[in-house]
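Accompanying notes for the structure given below.
Chain A is the first sequence line, chain B the second, and so forth, proteins listed ahead of strands; every chain is numbered from 1.
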Number of protein chains: 2
Amino acid sequence: MALQQLQAVNRSPGATRLRLLAATRSLLAAKGRRGTTTREIADQAGVNEATLFRQFGSKDALVDACVEHYCSTVELQELLASLDGDLERDLQRIASALIQRMENVRDLIVMSLAEENADGTVGEAAWRAPTAIKKIVADYMAKRIAAGELSGNPLFLARFFMGMVFSYVMGRKRFPEEYAADPPAVVEFQVGLFLNGARKV
Amino acid sequence: MALQQLQAVNRSPGATRLRLLAATRSLLAAKGRRGTTTREIADQAGVNEATLFRQFGSKDALVDACVEHYCSTVELQELLASLDGDLERDLQRIASALIQRMENVRDLIVMSLAEENADGTVGEAAWRAPTAIKKIVADYMAKRIAAGELSGNPLFLARFFMGMVFSYVMGRKRFPEEYAADPPAVVEFQVGLFLNGARKV
DNA sequence: GCGTTATGCAAGTAAGTACTTGCACTTAGC
DNA sequence: GCTAAGTGCAAGTACTTACTTGCATAACGC
């Protein structure tokens with residue numbers, strides 16, 4: 001009548017690790033790094049605390065592995081491939097991908113913001129994809145400036161564009177009641193404002 | 001030869017409290033709420049840990065008092081008074097006040113972002129001023145839309161405008177090397193882009 | 001079947017941390 | 001000068017938490 005028989009969880013080699021990573025992530029998002037205990041993580045993963053340490057060695061190593069695991073950068077190529085030359089549509093695709101991406105790692109981004117003055121290397125991984133995308137966007141802006149379709153400093157434009165998405169994602173976190181979930185309309189609004197401004201012509 | 005004679009600090013009633021508040025703030029910014037210990041705060045304030053508790057009762061009360069102390073809202077009236085009717089200049093004044101304001105409480109904003117899923121009421125105070133300003137901005141946008149100078153949804157415009165500043169301030173925190181400290185030019189750039197967009201005409 | 005490996009379990013260790021307390025001393029107000 | 005309030009200091013309490021350990025048991029490869 002041991003407990004592990006009752007819950008009948010998957011005991012295959014990688015499954016425990018994955019459950020621990022998932023639990024770690026959700027608890028990190030909810031309570032932050034220091035607010036999350038290894039006991040909680042183990043409980044939520046349906047795993048004994050000792051197993052956590054046997055698998056990852058330390059809490060820090062677990063957190064690092066968690067961030068690494070949830071911050072892959074593979075979607076960038078797809079983004080590049082989907083650009084087809086129409087300025088507005090391209091920007092909408094970029095913004096859409098950015099929103100999706102940032103929403104996914106929003107909790108980790110906030111955590112890295114809060115801890116960047118501290119010791120951890122968490123920030124590095126969480127910002128890797130956005131930083132890479134920023135370069136892509138800057139290059140894209142430069143091309144369109146050269147083509148005479150945009151004006152301004154490509155780096156500034158890229159920063160502004162990224163910031164637009166960033167503030168939207170963060171705003172939805174802080175004031176969820178004000179931000180109805182309507183991503184396509186948001187993307188259109190943002191890109192429209194970015195291209196044409198708010199001034200009535 | 002007691003230590004307090006050597007450092008010859010001000011021992012007036014409010015001075016200890018102020019030193020504790022200042023130390024609390026700088027440590028909160030550096031290491032977050034949970035990462036900061038009462039011993040550290042007391043040390044940095046040049047005060048004994050027991051005094052901290054005699055003054056504030058608990059660590060939570062100290063943090064609350066700290067946030068409250070550094071998040072006053074008085075500058076809003078000055079902002080309103082400085083608006084003079086010229087659309088671009090008004091927006092620049094608003095943006096400038098916003099940047100200054102958000103830079104001042106940037107650390108507390110980040111802290112509140114990281115802790116909003118937790119228990120604390122810290123977020124409330126840190127976001128009070130920005131939220132109030134957002135209302136002002138939205139009203140301002142509505143007026144200018146009614147006057148035929150702007151187009152769009154006033155709330156969306158306000159959100160976008162605030163987000164512009166927010167992402168700039170946060171970006172400077174995360175990537176300080178990329179953001180040269182040139183606030184006036186930044187304000188001009190942002191307001192220009194907000195009004196006219198990036199598209200070459 | 002059998003050894004290896006991963007896990008559960010329970011207990012424990014060591015360190016950190018919020019908070020307290022009793023006493024001596026200094027300072028400020030009267 | 002005297003009292004009272006504020007502080008320094010040192011020790012201590014109660015609790016949390018990362019991490020360990022020894023043993024029993026279940027699953028997997030051969």
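One atom, CZ of B:Arg19, and another, P of D:dG6, lie 15 Å apart when rounded to the nearest Å. Computed from coordinates, the A:Leu52 CG to C:dT7 P distance equals 11 Å when rounded to whole Å. What separates CG of B:Asn48 from P of C:dT21 is a distance of 15 Å, to the nearest Å. Distance B:Ile41 CD1 to C:dC19 P: 10 Å, rounded to the nearest Å. The interatomic distance linking B:Arg54 (CZ) with C:dC23 (P) rounds to 13 Å, in whole Å.
Of the N and O atoms on the side chains of B:Ser26 and B:Gln44, at least one donor lies less than 3.5 Å from an acceptor on the other residue.
Sorted by first then second residue, the side chain to side chain donor-acceptor pair (under 3.5 Å) pairs that include residues 89-99 of chain B, not counting sequence neighbours, are B:Asp84-B:Arg89, B:Asp90-B:Tyr140, B:Asp90-B:Arg144.
Contact annotation: the side chain of A:Met102 never approaches that of A:Arg172 to less than 4.5 Å [non-hydrogen atoms, C-beta and beyond]. You'll find the side chain of B:Arg17 reaches within 4.5 Å of the side chain of B:Phe56, heavy atoms only.
Side-chain atoms of A:Thr36 come within 3.5 Å of backbone atoms of A:Leu27 as a donor-acceptor pair (strictly under, hydrogens ignored).
Other residues, nucleotides and ligands contribute at most 12 non-hydrogen atoms within 6.0 Å of the CD atom of A:Gln100.
Considering only side-chain N and O atoms, B:Thr51 lies nowhere under 4.0 angstrom from the phosphate OP1 or OP2 of D:dG6.
A side chain to side chain contact (heavy atoms under 4.5 Å, CB included) with B:Trp127 holds for exactly one of B:Val105, B:Ile109, B:Leu108; it is B:Ile109.
The base of D:dG6 lies outside donor-acceptor range of the side chain of B:Arg17, with no N or O pair under 3.5 Å.
Annotation: the terminal axes of the helix from C:dG1-D:dC30 to C:dC30-D:dG1 meet at 30°, where each axis is the rotation carrying the C1' atoms of four end pairs onto the next four (5 pairs per end, rounded to 10°).
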What string of B, S and - do you get for nucleotides 11-20 of chain D, 5' to 3', if B is base contact, S is sugar-phosphate-only contact and - is no contact with any protein heavy atom under 4.0 Å?
-> ------SSBB
Stepwise side-chain contact (heavy atoms from CB on, under 4.5 Å) check, A:Leu98 with A:Val169 = CA-CA 10 Å; A:Leu98 264 178; A:Val169 171; over 6 Å; no
